[in-house]
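Written out below as structure tokens is the structure these notes cover.
Sequence lines set the chain letters: A, B, ... in the order given, protein chains first and strands last, and positions in each chain run from 1.
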2 protein chains.
Amino acid sequence: MGGVQAVSAVEPPGIRISEIFGPTIQGEGVLIGQPTVFVRTGGCDYRCAWCDSLHAVDSRFRDDWRPMSIEQIWAQVRVLSGGEPLMVSLSGGNPAIQPLGDLIARGHQDGYRFALETQGSMARDWFSMLDVLVLSPKPPSSRMSVDRAQFEACLDAAQGKPLTVLKLVVFGDADYDFARDVAARYPHLPTYLQPGNHTPPSADAVDGPVDIDGVMQRMEWLVDKVTQDRWFQARVLPQLHVLLWGNKRGV
Amino acid sequence: MGGVQAVSAVEPPGIRISEIFGPTIQGEGVLIGQPTVFVRTGGCDYRCAWCDSLHAVDSRFRDDWRPMSIEQIWAQVRVLSGGEPLMVSLSGGNPAIQPLGDLIARGHQDGYRFALETQGSMARDWFSMLDVLVLSPKPPSSRMSVDRAQFEACLDAAQGKPLTVLKLVVFGDADYDFARDVAARYPHLPTYLQPGNHTPPSADAVDGPVDIDGVMQRMEWLVDKVTQDRWFQARVLPQLHVLLWGNKRGV
């Protein structure tokens with residue numbers, strides 16, 4: 001207890017930020033192609049086997065995560081966007097770890113919109129303030145397991161207010177079956193399937209190599225699966241930023 | 001006059017179909033990634049310099065366009081989709097040339113949805129029956145010119161009922177300026193920008209070569225333009241089917 005308090009005492013207040021970058025286009029899912037500034041928080045309660053954002057997840061990089069106040073973060077978003085309202089993507093790591101409600105309120109004052117992407121392992125009451133909530137439960141290939149009660153709690157917290165969608169990463173048949181199962185459980189949520197990047201960057205790399213041909217083959221495989229199974233409600237989209245810029249960070 | 005009547009008399013009734021294929025994913029614009037069956041009609045009132053569907057446009061291919069009845073078309077869509085409702089894309093050529101209202105009504109009976117893509121040069125009262133209307137006025141590089149009165153008439157015909165969006169192809173600065181101008185004129189319409197394919201297939205080719213690197217460079221250029229100009233309402237998307245399958249027809 002004393003130790004926990006001591007750690008609390010030395011940790012500066014604010015939101016732990018891994019990086020803020022943009023504007024660039026959103027590369028994935030429901031907002032694909034949308035000009036966006038990304039606010040990536042540091043820290044995650046998961047350790048997905050194929051995580052493509054380890055620099056925002058692995059506690060080895062904790063020293064790179066800068067604690068920032070709402071006003072510091074907001075000033076940076078405003079500079080990057082030239083004060084012109086746009087979509088802000090709150091990502092991570094798991095951004096639900098951080099207290100982001102006040103940031104969303106601040107941005108809404110200026111006419112910005114907010115999308116959050118999370119695995120759905122931590123529900124926050126400020127989810128209802130979001131414009132877009134992307135729930136991305138992790139499939140078997142991640143070697144993580146879904147806490148269904150928490151996932152339900154995330155939906156409850158959203159109160160149906162943001163546009164809420166499922167984004168499901170698929171590396172193979174087991175992931176595909178998982179995706180079908182999740183989508184069947186939540187038929188009212190638009191479903192986006194995404195082939196996995198089997199060549200994610202290492203945590204230290206800022207521009208690691210990526211196997212584009214392999215990614216495209218997985219994309220074709222996924223399109224074939226969906227059309228053969230007549231799963232016509234699902235949308236299948238690659239990671240556009242990976243096709244455009246490989247594993248380069250900050251684009 | 002006699003000649004025209006003679007031609008009319010020998011032309012069989014029905015809708016002129018260039019090809020029906022799918023299901024595959026929609027590669028462009030607002031429905032990108034959506035499993036879709038494509039019904040491509042034959043014939044066009046435009047001859048865009050960079051047309052990528054000449055086999056459905058050039059009257060040299062008129063003999064390949066099969067006149068089909070509503071029931072024939074619908075039977076084929078049902079076979080391709082296994083009777084499972086999905087999105088049907090009506091494309092061309094300019095599908096607005098054909099009388100498609102009864103086809104849409106027939107499909108709606110079975111729970112299918114319909115998207116139409118047209119340059120907006122011909123208004124039809126059945127536009128209001130559509131689920132999605134994609135208006136794609138052609139930019140200067142096409143060497144076509146927009147008939148603003150007809151374009152307005154298309155919007156009027158839609159009566160605000162389908163989800164109506166702009167899709168603007170951009171090959172260079174003049175096209176970009178055109179796109180900005182059109183989007184500014186219709187701020188209530190979601191705008192999708194698409195880098196042009198400068199290596200379109202020839203009319204005879206079923207799988208012509210495509211310069212993917214060049215397409216990607218144009219995509220990056222367009223993302224840079226949009227973000228530098230802070231045109232944050234526009235979404236920028238490549239032709240996903242071209243990235244996946246090149247100029248191959250029927251996917």
Side-chain angles (χ1 to χ4, degrees), chain A residues 21-37 80-88 111-113 167 190-195 212-213 215-238 240-241 243-246 248 251, chain B residues 21-37 80-88 111-113 167 190-195 212-213 215-238 240-241 243-246 248 251:
Chain A
F21 65 93
T24 184
I25 54 166
Q26 170 60 259
E28 304 182 359
V30 63
L31 297 173
I32 191 167
Q34 175 90 50
T36 300
V37 164
L80 288 170
S81 57
E84 181 72 23
L86 87 173
M87 183 66 73
V88 177
Y112 288 62
R113 290 182 298 153
K167 195 189 74 180
T191 299
Y192 291 79
L193 304 181
Q194 178 176 298
I212 292 290
D213 287 344
V215 168
M216 287 308 231
Q217 280 163 20
R218 280 163 176 77
M219 176 73 190
E220 288 190 49
W221 170 81
L222 192 49
V223 170
D224 285 346
K225 286 282 280 186
V226 161
T227 53
Q228 280 163 21
D229 288 353
R230 295 172 185 149
W231 185 9
F232 298 144
Q233 295 74 41
R235 281 171 77 164
V236 188
L237 289 172
L240 193 48
H241 56 290
L243 300 185
L244 278 165
W245 296 296
K248 194 171 177 186
V251 284
Chain B
F21 65 94
T24 183
I25 54 166
Q26 170 61 258
E28 304 181 359
V30 62
L31 296 173
I32 191 168
Q34 176 89 51
T36 299
V37 164
L80 288 170
S81 57
E84 182 72 23
L86 88 174
M87 182 66 73
V88 177
Y112 288 62
R113 290 182 298 152
K167 196 188 73 181
T191 299
Y192 291 79
L193 304 181
Q194 178 175 298
I212 293 290
D213 288 345
V215 168
M216 287 308 230
Q217 280 162 18
R218 280 163 177 76
M219 176 72 191
E220 288 191 50
W221 170 82
L222 192 50
V223 170
D224 286 346
K225 288 281 280 186
V226 162
T227 53
Q228 279 163 20
D229 288 352
R230 295 173 186 150
W231 185 9
F232 298 145
Q233 295 74 41
R235 281 170 78 163
V236 188
L237 289 173
L240 193 47
H241 56 290
L243 300 185
L244 279 165
W245 297 296
K248 194 170 176 184
V251 284

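- Residues passing the salt bridge (charged side-chain N to carboxylate O under 4.0 Å, His left out) test with K167(A) are E28(A), E117(A), sequence neighbours excluded.
- Contacts between residues 222-229 of chain B and chain A, counted as heavy-atom pairs separated by less than 4.5 Å, involve V223(B), V226(B), T227(B).
- With a 4.5 Å cut-off on non-hydrogen atoms, I32(A) touches chain B through its backbone and its side chain both.
- Heavy-atom minimum distance, P35(A) versus A234(B): CD-O, 2.8 Å.
- The CG atom of L31(A) sits 5.5 Å away from atom CZ of R235(B), with the distance rounded to the nearest 0.5 Å.
- Taking the side-chain hydrogen bond (donor to acceptor under 3.5 Å, both in side chains) definition, one finds that E220(A) meets it with W245(B), sequence neighbours left out.
- S81(B) meets the side-chain hydrogen bond (donor to acceptor under 3.5 Å, both in side chains) test with Y112(B); sequence neighbours excluded.
- Summarising the geometry, atom CE belonging to M87(A) is positioned 11.0 Å from atom CD belonging to Q233(B); distances are rounded to the nearest 0.5 Å.
- In this structure, chain A has heavy atoms under 4.5 Å from both the backbone and the side chain of L244(B).
- With a 4.5 Å cut-off on side-chain heavy atoms, L243(A) and M219(B) do not count as touching.
- In this structure, the portion of V30(A) lying under 4.5 Å from any heavy atom of chain B is its backbone and not its side chain.
- Between chain B and the options M216(A), Q217(A), Q34(A), heavy-atom pairs under 4.5 Å are most frequent for Q34(A).
- For a residue to count as touching a neighbouring chain, one of its non-hydrogen atoms must lie under 4.5 Å from one of that chain's; by this rule T36(A) does not touch chain B.
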